[in-house]
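Data block below; observations after.
Both backbone and side-chain heavy atoms feed into the values below; hydrogens, waters and symmetry mates do not. Numbers for residues simply follow the sequence, beginning at 1. Order of listing sets the numbers, starting from 1, for every ligand and every atom in it. Owing to the predicted nature of the structure, the values given are computational and were not obtained by experimental measurement.
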Amino acid sequence: MLVYAGSYPEPARCTVNEQSKYRKLPSVDVVLDQLAAPHHVAVQAARAAIEEARQEVAAGRPAPTVAQVVAKARLALAGDERRRLQRVINATGILLHTNLGRAPLGPQQLEAVRAVASGYSNLEFDLGTGKRGSRYTHTRAAICRLTGAESALVVNNNAAAVLLMLSALCRGKEVIISRGELIEIGGEFRIPDVMRNAGVTLVEVGTTNRTHPSDYAGAIGPRTAAIFKVHPSNYKMIGFTKDVPGRELGRLAANNGLLFLHDLGSGNLEASPGSPFRHEPTILDALTDGADLVTFSGDKLLGGPQAGVIAGKTTLIDQLERDPWLRALRVDKMTLAALGATLELYLMDLSSNIPIARMAHMSLHDLEARAKALASAIDDPDAGRKASAVAVTGAAGGGALPGEGFDSWAVAVECEHLSAQAIAEALRLGDPPVIARIENDRLLLDLRTIASEDDSLVARLAGRVFSP
Ligand SMILES: *Cc1c(COP(=O)(O)O)cnc(C)c1O
């Protein structure tokens, strides 16, 4: 029996002879029987695969077999499944991997989201007066206490923070920036483009590798609104280089009645000598150096949700809060809840409960022990699989600490007859997917970014990949 799929036209004008060519094709029901997927999804895949087979026949080629049609439908379903947003295991060793969603959230951060999002909240309601309130007040005090800022505002991400700051305060005027800081962060976020989109005139000073205080001073004119400093993020210049420290720019701006704005990229709160982030400028340092406003991301070194924080002078923050653009860039309640919980963990000195901080601080001793245990669980010479623990150097990622390696331990996996790429692909197509790193043609599973409770799952997934 031929079952035509909904909208596919019945070949009404075919002769009986021509119609019989299609009789070899399976019905939707026959294909459906062999697909393990929710009905509505499977029906679509089955119909599409049958239609493709029909077109083969119509073009005069031999009719695909039932097995071939089913295989086509399965391929389409697998593609759908891979496109679904889902959890993956990050074994790349890159802590803040933008493509893998940057900072994971811990139990306290998630509980805060659950509590606020599962019911109503005082998002824009003042519990003291019973009147309308502002969504921007909830996290303000915590940001100020942690960074030393007078006031603060949270928006959708740091790109939005930069855009709002420049647009609200400098539109139609000139903003001075060093040529060494005209960076691209990735995902088409280019500082010169953002500045133009904010309606400011870019005044580039210095050269790619060297910018002096006199370059800035010489560029100040009647239309200058601000000096803008940008953290070079994901790239580092070495050799014959010079940039002007924030403190000098702060002084220059103040002496000329200009604003000094500083995009820090990754907001670093930690300054302790033992911190792996000790070479990254802190927010407090940037404000002390005289920045009128600083901006940073919520989901980089801070370890919170995607958000952009603007911190600094109250008068300026008030101005941003009145800007019509803010509505388009505004942050939602789940983000505010997660960010609030993140800040609270820092305030209570409980940052070890923030996954990014915990992973960054995990000792090499612990990582080595986990790598050795995982290697011995994966290693199986009889199955043609060799695994060994190796000392490696990872990266912070997310534009933080460019050029600085993060020492770590990994499991190197080798398989007979399989390239490192082939092993990586098999792991990537697992459930859940494991994203590994390839270095010098060797497949590595870096323990620093794998949650320790996932070690045994990674061992199981790696074992499954290679078993026949
Ligand atoms: C990452 C980064 C941004 C963009 O931040 P998002 O939160 O990803 O929007 C902007 N500026 C700098 C310097 C950065 O490092």
- Task: Number the atoms of ligand 1 from 1 as they appear, then name those within less than 4.0 Å of a heavy atom of Gly265, with their elements.
- Result: 12 (C), 13 (C), 14 (C), 15 (O)
- Query: Is the closest heavy atom of Asp263 to ligand 1 under 4.0 Å?
  - Reply: yes
- Message: Looking at ligand 1, would Gln306 count as a contact under a 4.0 Å heavy-atom criterion?
- Response: no
- Message: Can you confirm whether Met334 is buried at CE, in the sense that more than 12 heavy atoms of other residues, nucleotides or ligands lie under 6.0 Å from that atom?
- Response: no
- Query: Do we see a donor-acceptor contact under 3.5 Å between the side chains of Thr335 and Asp332?
  - Reply: yes
- Item | Exceeds 12 heavy-atom contacts within 6.0 angstrom, atom CZ of Arg87 | yes
- Task: Go through the steps for Asp215 and Arg179 under the test salt bridge (charged side-chain N to carboxylate O under 4.0 Å, His left out), then give the verdict.
- Result: CA-CA 11 Å; Asp215 294 328; Arg179 289 199 169 89; over 6 Å; no
- ligand 1 to Ser297, heavy atom cutoff 4.0 Å, flagged ligand atoms 5 (O), 6 (P), 7 (O)
Hey, can you pull the donor-acceptor pairs under 3.5 Å for the side chains in residues 248-262, sequence neighbours left out?
from: Asn255; atom 1: ND2; to: Arg251; atom 2: O; distance (Å): 3.4
from: Asn256; atom 1: ND2; to: Leu252; atom 2: O; distance (Å): 2.8

- Please determine if Val230 has a nitrogen or oxygen closer than 3.5 Å to a nitrogen or oxygen of ligand 1. no
- Is it the case that Thr282 and Asn268 place a side-chain donor and acceptor less than 3.5 Å from each other? no
- Message: What I want to find out is whether Glu414 reaches Arg442 closely enough, with some N-O distance under 4.0 Å, to be called a salt bridge.
- Response: no
- For His231, is at least one N or O under 3.5 Å away from an N or O on ligand 1? no
- Where's the contact between Arg102 and ligand 1, heavy-atom distance under 4.0 Å: side chain, backbone, both or neither? side chain
- Task: Decide whether an N or O pair under 3.5 Å exists between Asp299 and ligand 1.
- Result: no
- Could you tell me whether Asn158 and ligand 1 have an N or O pair separated by under 3.5 Å? yes
